[in-house]
Trainee: 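Submitted below is the structure of interest, expressed as structure tokens.
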Amino acid sequence: MQRTALITGASRGLGLALAQALARDGWTLLIDSRGEAALHGAANELSKLTTVVAVTGDITDATHRQQLAEAAARLGGLDAVVNNASILGPSPQPNLLDYPLDVLTQVYQTNVIAPLALLQAVKAHLKPNARIINVSSDAGVEPYGGWGGYGSSKAGLEQLSAILAVENPGYKVYWVDPGDMRTQMHQEAFPGEDISDRPLPEASVPGFLALLNGDLPSGRYKARDILQKPANTGASVLQLAVLADDYQGARRLYEQGLGLRVIEEWDKADGRGVLLESGRGVLELLDAKQVAAVDRIEAGGEASGAVRLVFQVENVEATGTSMSQHGAAIVRQPVDTPWGHHNQRLRAPDGLHITLFTPIESKPEAETSS
């Protein structure tokens with residue numbers, strides 16, 4: 001299923017880094033910025049990976065917002081809107097009592113009013129469960145001296161976002177602090193200083209992708225905290241790639257039979273694929289003797305091979321029945337194992353063995369009656 005994202009301020013910095021990541025994932029992109037040459041350069045680069053529509057203009061201009069809305073309609077609607085475009089204001093930042101009010105008005109127009117105005121312009125083209133990301137800053141919650149104009153505008157954007165989330169439960173609304181980044185705006189905030197120690201925008205992109213691809217609740221997030229690794233484990237996220245000769249049959253088995261949730265899918269000239277969320281990833285390594293013992297208990301001795309899929313489920317019998325109705329073969333009826341689990345072994349149409357299990361103490365009462 002094709003997904004489309006509108007990203008403002010996408011000709012450089014975080015906006016461009018996020019657009020590049022989404023392009024690699026096959027998203028269709030609608031992008032804008034004020035600089036025509038920079039925007040066209042970004043669009044030419046991105047178009048090597050995906051479909052891109054670039055519209056030059058200022059997000060505070062109603063005509064430009066209408067052009068974006070019309071482009072969104074032509075693309076078939078929006079799965080995501082990322083309000084990334086913003087302005088810093090004077091550099092260096094003046095104290096509030098000396099802040100030129102005409103410039104403060106411009107900062108508020110760009111950083112607070114325009115994101116809402118854009119959402120109003122494209123609301124008819126937002127798909128169900130669309131993601132809305134308003135890029136904020138720690139300056140929106142911390143009272144940094146000399147940051148009153150920019151910071152208060154981001155504070156306004158955060159409260160606006162929070163109310164949008166309450167008023168629109170059908171969407172996911174996120175206001176996100178990307179952290180310090182080595183960008184042109186950050187350099188403008190610290191004129192003459194060396195900011196080479198700040199991370200590049202790419203360091204914040206994985207957090208944004210997690211919000212766009214996942215199902216986290218609406219709210220405020222720090223981009224670099226979203227995918228923090230578990231403490232003291234150094235663990236990576238486990239993702240198992242399986243070659244499915246019968247792609248549709250395999251997808252039906254795991255999506256409908258097992259109930260795994262689709263988090264991403266693609267259908268391109270070079271092939272199809274789907275990511276199915278199956279909870280926490282664990283890598284279990286067994287020697288040949290242990291594999292044989294497990295196969296003997298779960299499968300009556302039928303060999304599982306080098307790779308076997310294992311899923312913890314709430315009800316082994318019900319899930320096994322559902323999977324058998326969607327193409328899996330039952331290798332053996334459920335059995336209580338010596339390691340304290342209630343297990344069932346099945347075989348996918350491609351021969352891959354699948355173990356369903358639940359800890360014996362958590363078995364439903366209907367299962368424990370035997």
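In this chain, numbering begins with 1 at the start of the sequence shown.
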Trainee: Can you give me the closest heavy-atom contact between Ala299 and Arg345, atom names plus distance?
Mentor: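 Scanning both residues, the minimum pair turns out to be CB-NH1, 3.6 Å.
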
Trainee: So Trp27 and Leu18, side-chain contact (heavy atoms from CB on, under 4.5 Å) or not? Walk me through it.
Mentor: CA-CA 11 Å; Trp27 286 64; Leu18 179 57; over 6 Å; no

Trainee: Where the side chain of Glu314 meets the backbone of Thr358, is there a donor-acceptor pair that is under 3.5 Å apart?
Mentor: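 Here the side-chain-to-backbone pair does not exist.
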
Trainee: Heavy atoms only: give me the nearest Leu78-Ala5 pair and the separation to one decimal.
Mentor: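 Of all heavy-atom pairs spanning Leu78 and Ala5, the closest is CD2-C, 4.5 Å.
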
Trainee: Between the side chain of Tyr174 and the main-chain N/O of Leu216, is any donor-acceptor distance below 3.5 Å?
Mentor: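 Yes: the side chain of Tyr174 pairs with the backbone of Leu216.
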
Trainee: Ignoring hydrogens and angles, tell me if any N or O in the side chain of Asp79 forms a donor-acceptor pair with the backbone of Thr4 under 3.5 Å.
Mentor: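 Checked: pair present.
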
Trainee: Would you give the length of the straight line joining atom CD of Glu298 to atom CG of Asn343, rounded to the nearest 0.5 angstrom?
Mentor: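 It is 4.5 Å, given to the nearest 0.5 Å.
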
Trainee: Is there a donor-acceptor contact under 3.5 Å linking the side chains of Ser304 and Asp295?
Mentor: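 Indeed, the side chains of Ser304 and Asp295 share at least one donor-acceptor pair under 3.5 Å.
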
Trainee: Is Leu309 reachable from Leu346 through a run of I, L, V, M, F, W or Y residues, each pair having side-chain heavy atoms under 4.5 Å apart?
Mentor: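 Same hydrophobic cluster.
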
Trainee: Give the cluster check for Ile297 versus Leu356: same hydrophobic cluster or not, with ILVMFWY residues linked at side-chain heavy-atom distances below 4.5 Å.
Mentor: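 Not linked; separate clusters.
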
Trainee: Would you say that more than 12 heavy atoms from the other residues, nucleotides or ligands in this model lie under 6.0 Å from the CZ of Arg34, or not?
Mentor: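 Atom CZ in Arg34 is not packed in, count stays at 12 or less.
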
Trainee: Apply the test side-chain contact (heavy atoms from CB on, under 4.5 Å) to residues Thr28 and Gln2: give CA-CA distance (whole Å), side-chain angles for both, the deciding distance (0.1 Å), then the verdict.
Mentor: CA-CA 7 Å; Thr28 294; Gln2 186 59 55; 3.1 Å; yes

Trainee: Using side-chain heavy atoms (C-beta onward) and a distance below 4.5 Å, is Val313 in contact with Leu258?
Mentor: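 Counting from C-beta outward, Val313 and Leu258 do come under 4.5 Å.
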
Trainee: Among Ile132, Leu164, Asn83, exactly one meets side-chain contact (heavy atoms from CB on, under 4.5 Å) together with Pro115. Which residue is that?
Mentor: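 So the option named by the test is Asn83.
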
Trainee: Tell me, with the steps shown, if Ile330 and Gln344 meet side-chain contact (heavy atoms from CB on, under 4.5 Å).
Mentor: CA-CA 8 Å; Ile330 295 176; Gln344 182 173 17; 3.5 Å; yes

Trainee: What distance separates Tyr150 OH from Tyr144 OH, expressed to the nearest 0.5 Å?
Mentor: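 The OH atom of Tyr144 is 11.5 Å from OH of Tyr150, to the nearest 0.5 Å.
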
Trainee: With rounding to the nearest 0.5 Å, note down the distance linking CG in Leu88 to OG1 in Thr110.
Mentor: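 Atom-to-atom, Leu88:CG and Thr110:OG1 are 11.5 Å apart.
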
Trainee: Check whether any side-chain heavy atom of Trp175 sits under 4.5 Å from a side-chain heavy atom of Leu160, and report yes or no.
Mentor: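 They are not in contact (no side-chain heavy atoms under 4.5 Å apart), so the answer is no.
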
Trainee: CG of Leu211 to CD1 of Ile226: how many Å apart, nearest 0.5 Å?
Mentor: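 Leu211 CG to Ile226 CD1: 3.5 Å, rounded to 0.5 Å.
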
Trainee: If you define the side chain from C-beta out and look only at heavy atoms, does anything of Arg3 sit under 4.5 Å from Leu212?
Mentor: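 Answer no - side chains too far apart.
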
Trainee: Could you measure the distance from the CG atom of Leu22 to the CG atom of Leu209? Nearest 0.5 Å is fine.
Mentor: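 One finds 6.0 Å between CG of Leu22 and CG of Leu209.
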
Trainee: Taking Asn84 for its side chain and Ile7 for its backbone only, find out whether a donor-acceptor pair lies under 3.5 Å.
Mentor: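 Such a contact is absent between Asn84 side chain and Ile7 backbone.
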
Trainee: Strictly distance-based, threshold 3.5 Å: is any side-chain N or O of Ser153 a donor or acceptor partner for the main-chain N or O of Val112?
Mentor: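 No, Ser153 side chain to Val112 backbone: no donor-acceptor pair under 3.5 Å.
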
Trainee: For side chain to side chain donor-acceptor pair (under 3.5 Å), just list the numbers for His353 and Glu302, CA-CA rounded to whole Å, side-chain angles, deciding distance to a tenth of an Å, and then say yes or no.
Mentor: CA-CA 10 Å; His353 276 223; Glu302 181 175 326; 3.1 Å; yes

Trainee: Are the side chain of Asp58 and the backbone of Thr60 linked by a donor-acceptor contact shorter than 3.5 Å?
Mentor: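 At least one qualifying donor-acceptor pair exists.
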
Trainee: Does the side chain of Tyr99 come within less than 4.5 Å of Val107's, by heavy atoms?
Mentor: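 Sidechains of Tyr99 and Val107: in contact.
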
Trainee: In the single-linkage hydrophobic clustering (I, L, V, M, F, W, Y; side-chain heavy atoms under 4.5 Å), do Val173 and Leu116 co-cluster?
Mentor: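 Both belong to a single hydrophobic cluster.
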
Trainee: Can you check whether Ile59 reaches Gln109 side chain to side chain, under 4.5 Å on heavy atoms?
Mentor: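 No - every pair of side-chain heavy atoms lies 4.5 Å or more apart.
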
Trainee: Find out if a path of hydrophobic residues (ILVMFWY) with successive side-chain heavy-atom gaps under 4.5 Å connects Tyr247 to Leu276.
Mentor: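 Per the 4.5 Å side-chain linkage, Tyr247 and Leu276 are co-clustered.
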
Trainee: What class does the angle between the rings of Phe357 and His341 fall in, given that below 30° is parallel, 30 to 60° is tilted and above 60° is perpendicular?
Mentor: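 Because their plane-to-plane angle is under 30°, the rings of Phe357 and His341 count as parallel.
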
Trainee: Counting N and O atoms only, with roles assigned by atom type, does the side chain of Glu202 sit under 3.5 Å from a partner on the main chain of Ala21, one being a donor and the other an acceptor?
Mentor: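 A pair under 3.5 Å: no.
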
Trainee: I'd like to know if the side chain of Arg65 and the backbone of Val122 have a donor-acceptor N/O pair within less than 3.5 Å.
Mentor: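 Side chain of Arg65 to backbone of Val122: no pair is present.
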
Trainee: Kindly indicate, with the supporting measurements, whether the criterion side-chain contact (heavy atoms from CB on, under 4.5 Å) is fulfilled by Lys154 and Leu157.
Mentor: CA-CA 5 Å; Lys154 290 299 184 180; Leu157 179 65; 4.1 Å; yes

Trainee: Which atom pair, heavy atoms only, marks the closest approach of Leu286 to Glu284?
Mentor: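 The pair with the smallest heavy-atom distance is CD2-OE2, 3.4 Å.
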
Trainee: In terms of side-chain heavy atoms, does Tyr171 have a donor or acceptor partner in Ser218 at a distance below 3.5 Å?
Mentor: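 Looking only at side-chain atoms, Ser218 and Tyr171 do not form any donor-acceptor pair under 3.5 Å.
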
Trainee: Taking side-chain contact (heavy atoms from CB on, under 4.5 Å) as the criterion, tell me which of Leu14, Val135, Thr8, Ile31 meets it with Val82.
Mentor: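 Output: one option passes, namely Val135.
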
Trainee: Would a 4.5 Å heavy-atom cut-off, applied to side chains only, mark Pro334 and Val316 as touching?
Mentor: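 Pro334 reaches Val316 side chain to side chain.
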
Trainee: Within the distance-only criterion (no hydrogens, no angle test), does the side chain of Ser152 pair as donor or acceptor with the backbone N or O of Gly149 below 3.5 angstrom?
Mentor: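 Here the side-chain-to-backbone pair exists.
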
Trainee: Could you grab the distance from atom CD1 of Ile133 to atom NZ of Lys172, nearest 0.5 Å is fine?
Mentor: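 One gets 12.5 Å once the value is rounded to the nearest 0.5 Å.
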
Trainee: Please tell me if the side chains of Gln312 and Pro359 come closer than 4.5 Å, counting only heavy atoms from C-beta onward.
Mentor: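 They are in side-chain contact.
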
Trainee: Got Val274 and Glu255 here, is their nearest side-chain heavy-atom distance under 4.5 Å?
Mentor: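 Counting from C-beta outward, Val274 and Glu255 never come under 4.5 Å.
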
Trainee: Would you say the side-chain atoms of Ser322 pair up with the backbone N or O of Ala318, donor to acceptor, closer than 3.5 Å?
Mentor: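 Pair absent, no side-chain N/O of Ser322 close to backbone of Ala318.
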
Trainee: I need the minimum non-hydrogen distance between Leu352 and Asp350, along with the two atoms involved.
Mentor: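 Distance-wise, the nearest heavy atoms are N-OD1, 3.1 Å.
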
Trainee: Applying a strict under-4.5 Å side-chain criterion to I, L, V, M, F, W and Y, I'd like to know whether Leu68 and Ile113 cluster together.
Mentor: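 No: no chain of side-chain contacts under 4.5 Å links Leu68 to Ile113.
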
